[in-house]
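Any value given below was found using the heavy atoms of this structure, including those in side chains, with hydrogens, waters and symmetry copies removed. Letters A, B, ... mirror the listed sequences (proteins, then strands); counts begin at 1.
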Protein chains: 2
Amino acid sequence: MKYIEKLRNSGLRPTKQRLQICEVLFDTQKTFHFTINELDQKIKNKTNNKISLATIYNTVHAFEKKGYLKQIPINSNQTYFDTNITDHHHFYDLKYGKLIDLENSDVGPINIKRKIDGKKIKSIEVLVKLED
Amino acid sequence: MKYIEKLRNSGLRPTKQRLQICEVLFDTQKTFHFTINELDQKIKNKTNNKISLATIYNTVHAFEKKGYLKQIPINSNQTYFDTNITDHHHFYDLKYGKLIDLENSDVGPINIKRKIDGKKIKSIEVLVKLED
DNA sequence: CACCAATTTAGAACCATTATAAAGTAGAGT
DNA sequence: ACTCTACTTTATAATGGTTCTAAATTGGTG
């Protein structure tokens, strides 16, 4: 299994649950956005096998910490994650609450002119809200 | 009172509670960021007068809808608001969970090249995460 | 002043997320 | 393989921010 190495290398034991979650998250051509509940549904659909919600939360947070997932900064009652971990941005369709990827080249270079002493920039994220 | 007109003009009745909230939010030189609980505290401190949490939520949302406040898109368990409604962006200090204003001129013009049919851009918000 | 719609309020309800503690499991060492 | 220990999973409870509810209050018009 291709994910066993990946998990071991990050110091995460390759458990059955984590491998199943990897398959749902990373066995696709396209990257995608999801909430925990959507992921829970996907897992049930794909594997006919319920994984405890607590495990899904734990795993998603572990993957995020390891850099396999990104949280999307957005105001919503639910947290959105992204399997696309490349440098990119988002449209947010306010009417439908839907996210759309914006490639870095769709936004153009962003040059932050101000510096904060002792801090360095970890990420620059652009959220473009859309209305009708 | 200078806020009575402002409220009336927006179709909001100038109630005692709304006027007190206006004073806490807008009677300052500097703009600031806040959560609902922080605002609740500020109100208690400034006016020795508790306003029901439900009213604070209602009022903040009403003010946001009228454009007197902005929500800051950020991943947190609490919603952050900003009394600075000009076009601007934010640093987010991950270590201390603190927001710092970034003027538009600190970021430079952002030109979104991609269009979504039938949608128009309502806002463009940049979040720059800082680490040590 | 009287009335009606808007507003406030306390408290309950909601719901995403986190904590808990017991049962199960992976993997190193024997 | 077996054992042991630390890590992981799990169901469930707890937490906490936010929204809902329904009754009381209030602003403003006539």
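Between the two ends of the helix from C:dC1-D:dG30 to C:dT30-D:dA1, each summarised by a five-pair axis, the helix axis turns through 30° (rounded to 10 degrees).
When side chains are defined from C-beta on, A:N104 does not count as touching A:H88, because their heavy atoms never get closer than 4.5 Å.
Among residues two or more places apart in sequence or in another chain, the side-chain hydrogen bond (donor to acceptor under 3.5 Å, both in side chains) test is passed with A:Y68 by A:S10. Contacts of A:S105 classified as side-chain hydrogen bond (donor to acceptor under 3.5 Å, both in side chains), with partners at least two apart in sequence or in another chain: none. With sequence neighbours left out, B:K44 forms a salt bridge (charged side-chain N to carboxylate O under 4.0 Å, His left out) with B:D40. Evaluation of the salt bridge (charged side-chain N to carboxylate O under 4.0 Å, His left out) rule for B:K95 yields B:D132 as partners, not counting sequence neighbours.
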Q: Can you check each nucleotide of nucleotides 17-30 of chain C against protein heavy atoms at under 4.0 Å and return B for base, S for sugar-phosphate only, - for none, in 5' to 3' order?
A: BBB-----BBS---

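B:L19 places its CG atom 13 Å from the P atom of C:dT7, with the value rounded to the nearest Å. In this structure, B:N58 atom CG and C:dA6 atom C1' are separated by 11 Å, rounded to whole Å. In this structure, B:I43 atom CD1 and C:dT8 atom P are separated by 11 Å, rounded to whole Å. In this structure, NZ of B:K65 is placed 12 Å from P of C:dT7, rounded to the nearest angstrom. If you take CZ of A:F34 and P of C:dA16, they are 16 Å apart, rounded to a whole angstrom.
No salt bridge links A:E23 with A:K46; every basic N to acidic carboxylate O contact stays at or beyond 4.0 Å.
Within the structure, the ring-ring contact (aromatic ring centres under 6.0 Å, His included) test picks out no pair touching residues 91-132 of chain A (sequence neighbours left out). Sorted by first then second residue, the ring-ring contact (aromatic ring centres under 6.0 Å, His included) pairs that include residues 32-51 of chain A, not counting sequence neighbours, are A:F32-A:F34, A:H33-A:H90, A:F34-A:F81. For residues 63-84 of chain A, the set of pairs meeting the salt bridge (charged side-chain N to carboxylate O under 4.0 Å, His left out) definition, not counting sequence neighbours, is empty.
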Name the atoms and distances for all side-chain donor-acceptor pairs under 3.5 Å in residues 49-56 of chain A, with sequence neighbours left out.
residue	atom	partner	partner atom	Å
A:N49	ND2	A:Q20	OE1	3.4
A:S52	OG	A:A54	N	3.2

Determine all donor-acceptor pairs shorter than 3.5 Å in which one atom belongs to a side chain in residues 106-117 of chain B; sequence neighbours excluded.
residue	atom	partner	partner atom	Å
B:D106	OD2	B:E103	N	3.1
B:R114	NH1	A:D101	O	2.6

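First and last contacts of DNA chain D with chain A, using any nucleotide atom under 4.0 Å from a protein heavy atom and ordered 5' to 3', fall at D:dA6 to D:dA11.
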